[in-house]
Structures are given as structure tokens and as C-alpha cells.
Amino acid sequence: MFDTIAIDCAGLSPAEIEAATTASVADHRLAYLRNFPLDVDRYTGLLETLGELCPNYAAGSTKAAYALHPAINTVRCRAPQSEGVERVQEKAGSLPMHSGRSFARRRPLHLAMLMADPGWQDFQPGHNGESLIVRWGDVLAEMRRRHPEYWVEDLRLLTGCAMSFQASHLDEDASELPFLYVPGTPRRSAVLDDYAARLPQDVNRLRKAAELIKGGERWFEAVLRFKDIANDPSVQQVYVMAAGDVVVIDNDRYGHGRQEVVATRTGADGALSVNPRTIWSVNIQ
């Protein structure tokens, strides 16, 4: 889906890259850059043209994942840990479709990811950490097509019921917005089903939220229909990021995920190696 809007940064000045990126975000609510330099200052400088960079989850931490820059969350694979907390992004496996910081009152308007190292790419398709994206409006259109008998009530519940849930690892004020709500930024041209969604990676958090909603069982059924379609490969778009690729996503209108990734493997000599796949992730307010 990015082939028609991709920006090749080779030979462009920083000002030209910034202008092309902001125009793409304004027109498409997305931007995709190729051949962007692996330079922290250039990366954060570009993103600051789109808004305020949010501090990463542990700004000031001495851990390597947070030490690169106060706004950059460095996502790497890790070998299984016997102690301490493992971030879900570091584990082997896939990541289901979700929206960034879906629990939080202060949610980023945009997410940016720079592929610093794509890591191992020699497995069968679907096992190389391929990136996934879906427009929430496309999920809703498919819900309406597949489940016409539930559609009107599903939309009423998902847009009309305030809900709140906490993150597992962060202590922040929780949002009370509905599961579906009006996006925080306008589009230059109108599209059908232009909704924002609050879908966490672990949908069971919403099962608990349903206990506080009148008619919550029926509401959660609508959530599950939405979640199942969002994770249907026929609705998603798959893309493979190379080193120097940058994607900017409207966090209101799009969900993102990841196909299977292999975190470790054992060589012929018996030594364990860790996939060097590395992403610089930034939230933009």
C-alpha cells in the first residue's frame, strides 16, 4: 500500500524530506520514507515537524532500550529472560493489531518507526517480523458487510459507551473515551467510516472493562467482532521494512501489528544468537 506514497530520501535535503513527509501525512494520514539516514538528530528533528515528541516509557532509564534518546523506544529482540519483565515487543512471535497507548488519556496522534536493522530475513514468509497495518474504517466496512444483523447495534455500542482500562506496566491516567470515537485530526478529504479505535493488544483487558458497562456482555461481543476482522489477513496490509525505512501512522485511524518473528536461534556450533532486528519507535502528540 505504501508503494504509491513512498518518499525516497536519497539525494533530498532535510527540508525537502520534511516538506514531503508533512504533505503525505496531511493527505493520507500516513507517510513512508526509504533510505532515511540512521541518525538520531535527523530522525527526531523530522518528527518534531509533526508534533511534540512524547517521552518514552522510561525516559531517564539506564536500560539500553531507553538510552538512545528521551523520546525513542528502541525495540530489539531478546533471549527469554528468567528474571525481570519482558516487553512484549521483544519476545518471539507475532503482535496482534492494536492502537498505540489505547488505555491512556494522553494518546499519541502519530506513531513513527524507523527500521535501524531488519534482522533475520531468511525464514518463510510470515516469520520474518513483517509489519502489519489496517485502517479502522476498513474494519468497520467489513463488519457491516459480514454482520448486517448486528451492525447497527454494534456501532451504537462501540461509539456510545465510555470505557476505561489500565495498562499492565504503566501507571497513568486512563482514558474514558468510547471504543470508537471521532479522530483528533481532520482529513483533507472525507472518507467513509472515519473512526478512531482503542484496541489493546490484549483484548481481555476490555472483558474486564465490560463489567462496568451497562449491557457490557453485548458490548464485548461487538468488540470481539471488530478485533477478529482487524486480525483477518484479508483486511490487513503487509509490508517489509528495510534498513532506513520510516513509517509514520495516524494512531487514531490505523492499527498496527507484526507477523511472527524469531528472536533466537542456535548455530551449528551450539551457540545461541539473538536476532539483531532493531526499530526506533517514537510517539508524537
Visitor: Please, which pairs that meet side chain to side chain donor-acceptor pair (under 3.5 Å) have at least one residue in residues 257-282, sequence neighbours excluded?
Guide: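 Residue pairs passing side chain to side chain donor-acceptor pair (under 3.5 Å), neighbours aside: Asp122-Arg265.
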Visitor: Do Val282 and Asn73 come close enough that some side-chain heavy atom pair is under 4.5 Å?
Guide: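 Val282 vs Asn73: side chains apart.
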Visitor: Mind listing the closest non-hydrogen atom pair of Arg156 and Glu153 along with its distance?
Guide: NH2-OE2, 2.7 Å
Visitor: Could you check whether any side-chain heavy atom of Thr21 comes within less than 4.5 Å of a side-chain heavy atom of Thr49, counting everything from C-beta outward?
Guide: no
Visitor: Any side-chain heavy atom of Phe2 within less than 4.5 Å of one from Gln237?
Guide: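 Counting from C-beta outward, Phe2 and Gln237 never come under 4.5 Å.
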Visitor: Taking it one step at a time, do Glu211 and Lys208 satisfy salt bridge (charged side-chain N to carboxylate O under 4.0 Å, His left out)?
Guide: CA-CA 6 Å; Glu211 297 173 0; Lys208 295 179 181 178; over 6 Å; no
Visitor: Count I, L, V, M, F, W, Y as connected when their side-chain heavy atoms are under 4.5 Å apart, and connections chain through other members. Are Trp136 and Leu109 then in the same cluster?
Guide: no
Visitor: Can you confirm whether Arg218 sits close enough to Tyr150 that some side-chain heavy atom of one is under 4.5 Å from a side-chain heavy atom of the other?
Guide: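 Heavy-atom side-chain distance check passes, below 4.5 Å.
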Visitor: Supply the atom-to-atom distance Thr159 OG1 to Leu177 CG, rounded to the nearest 0.5 angstrom.
Guide: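 Answer rounded to 0.5 Å: 12.0 Å.
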Visitor: Please tell me whether Tyr181 and Leu158 are part of a single hydrophobic cluster in this structure, the criterion being side-chain heavy atoms less than 4.5 Å apart.
Guide: no
Visitor: Walk me through it: do Ile284 and Leu53 pass the test side-chain contact (heavy atoms from CB on, under 4.5 Å)?
Guide: CA-CA 5 Å; Ile284 307 164; Leu53 307 190; 4.0 Å; yes
Visitor: State whether a side-chain donor-acceptor pair under 3.5 Å links Arg29 with Thr185.
Guide: yes
Visitor: Which residues satisfy the ring-ring contact (aromatic ring centres under 6.0 Å, His included) test with Tyr254, sequence neighbours excluded?
Guide: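 None.
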Visitor: Begin from the C-alpha positions of Tyr43 and Leu38 and carry the test side-chain contact (heavy atoms from CB on, under 4.5 Å) through to its verdict.
Guide: CA-CA 8 Å; Tyr43 183 46; Leu38 300 184; over 6 Å; no
Visitor: Return yes if some donor-acceptor pair links the side-chain N/O of His69 with the main-chain N/O of Ala71 below 3.5 Å, else return no.
Guide: yes
Visitor: Do any N or O atoms from the side chain of Glu130 and from the backbone of Gly126 form a donor-acceptor pair under 3.5 angstrom?
Guide: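 Between the backbone of Gly126 and the side chain of Glu130 there is a qualifying donor-acceptor contact (under 3.5 Å).
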Visitor: Looking only at heavy atoms, what is the nearest atom pair of Phe179 and Met163, with distance?
Guide: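 Looking at all heavy atoms of both residues, the closest pair is CA-CE, 3.7 Å.
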Visitor: What do you reckon, is CG of Leu192 surrounded by more than 12 foreign heavy atoms closer than 6.0 Å?
Guide: no
Visitor: Given the ring of Phe36, does Arg42 sit roughly above its face, with NZ or CZ under 6.0 Å from the centre of the six-membered ring and within 45° of the axis?
Guide: yes
Visitor: Could you tell me if the side chain of Arg253 sits less than 4.5 Å from the side chain of Val191, heavy atoms only?
Guide: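 SC-SC contact between Val191 and Arg253 ruled out.
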Visitor: How long is the straight-line distance from NE2 of His127 back to CD of Gln121, given to the nearest 0.5 Å?
Guide: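 If I round to the nearest 0.5 Å, the distance is 13.0 Å.
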Visitor: Transitively linked via ILVMFWY side-chain contacts under 4.5 Å: Val274 with Val75?
Guide: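 Shared cluster, no.
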Visitor: Test salt bridge (charged side-chain N to carboxylate O under 4.0 Å, His left out) on Arg135 and Asp250; report intermediate values, then the result.
Guide: CA-CA 9 Å; Arg135 190 178 77 90; Asp250 184 324; over 6 Å; no
Visitor: For the residue pair Tyr239 and Tyr32, categorise the inter-ring angle as parallel (less than 30°), tilted (30 to 60°) or perpendicular (more than 60°).
Guide: perpendicular
Visitor: Quick one: does any side-chain atom of Gln236 pair with a main-chain N or O of Ala230 as donor and acceptor, under 3.5 Å?
Guide: yes
Visitor: Roughly how far, to the nearest 0.5 Å, is the CD1 atom of Ile279 from the CE atom of Met241?
Guide: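 Those atoms lie 6.0 Å apart.
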Visitor: Compare all side-chain heavy atoms of Ser102 with those of Pro200 and state whether any distance is below 4.5 angstrom.
Guide: yes
Visitor: Given the rule that I, L, V, M, F, W and Y join up when any side-chain heavy atoms are under 4.5 Å apart, are Leu155 and Leu224 in one cluster?
Guide: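 Same hydrophobic cluster.
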Visitor: Within the side chain of Ser24, is there an N or O that forms a donor-acceptor pair under 3.5 Å with the backbone of Ala20?
Guide: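 No: the side chain of Ser24 does not pair with the backbone of Ala20.
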Visitor: With side chains defined as the heavy atoms from C-beta onward, is the minimum distance between His110 and Asn251 less than 4.5 Å?
Guide: no
Visitor: Within the distance-only criterion (no hydrogens, no angle test), does the side chain of Asn128 pair as donor or acceptor with the backbone N or O of Phe123 below 3.5 angstrom?
Guide: yes
Visitor: What do the steps show when you test Asp245 against Val247 for side-chain contact (heavy atoms from CB on, under 4.5 Å), and what is the final call?
Guide: CA-CA 7 Å; Asp245 282 8; Val247 62; over 6 Å; no
Visitor: To the closest 0.5 Å, what do you measure between CG (Asp252) and CZ (Arg187)?
Guide: 11.5 Å
Visitor: Could you pull out the closest heavy-atom pair between Ile17 and Leu33, with the gap in Å?
Guide: CG2-CD2, 3.7 Å
Visitor: Between Pro108 and Asn283, what is the shortest heavy-atom contact and its length?
Guide: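 Looking at all heavy atoms of both residues, the shortest contact is CB-CB, 3.7 Å.
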Visitor: Considering only heavy atoms from C-beta outward, does the side chain of Val134 approach that of Asp232 to under 4.5 Å?
Guide: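 The answer is no; the side chains never approach within 4.5 Å.
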Visitor: Does the salt bridge (charged side-chain N to carboxylate O under 4.0 Å, His left out) test come out yes or no for Arg106 and Asp173, once each step is laid out?
Guide: CA-CA 8 Å; Arg106 188 170 187 249; Asp173 292 339; over 6 Å; no
Visitor: Output, in order, the C-alpha distance, side-chain angles, deciding distance and verdict of side-chain contact (heavy atoms from CB on, under 4.5 Å) for Arg107 and Ser99.
Guide: CA-CA 10 Å; Arg107 298 188 60 218; Ser99 48; 3.3 Å; yes
Visitor: For Pro37 and Leu114, work out which heavy atoms get closest and say how close.
Guide: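 Residues Pro37 and Leu114, closest heavy atoms: O-CD1, 4.2 Å.
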Visitor: Has Glu176 got more than 12 heavy atoms of other residues, nucleotides or ligands less than 6.0 Å from its CD?
Guide: no
Visitor: Would you name the heavy atoms of Ser164 and Ala174 that are closest together and state the gap between them?
Guide: OG-CB, 3.4 Å
Visitor: State yes or no: do Ile7 and Leu47 share one hydrophobic cluster built from I, L, V, M, F, W and Y residues joined by side-chain heavy-atom distances below 4.5 Å, directly or via other members?
Guide: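 Linked within one cluster.
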Visitor: Can you measure from CD (Glu48) to CG (Leu50) and round to the nearest 0.5 angstrom?
Guide: 10.0 Å
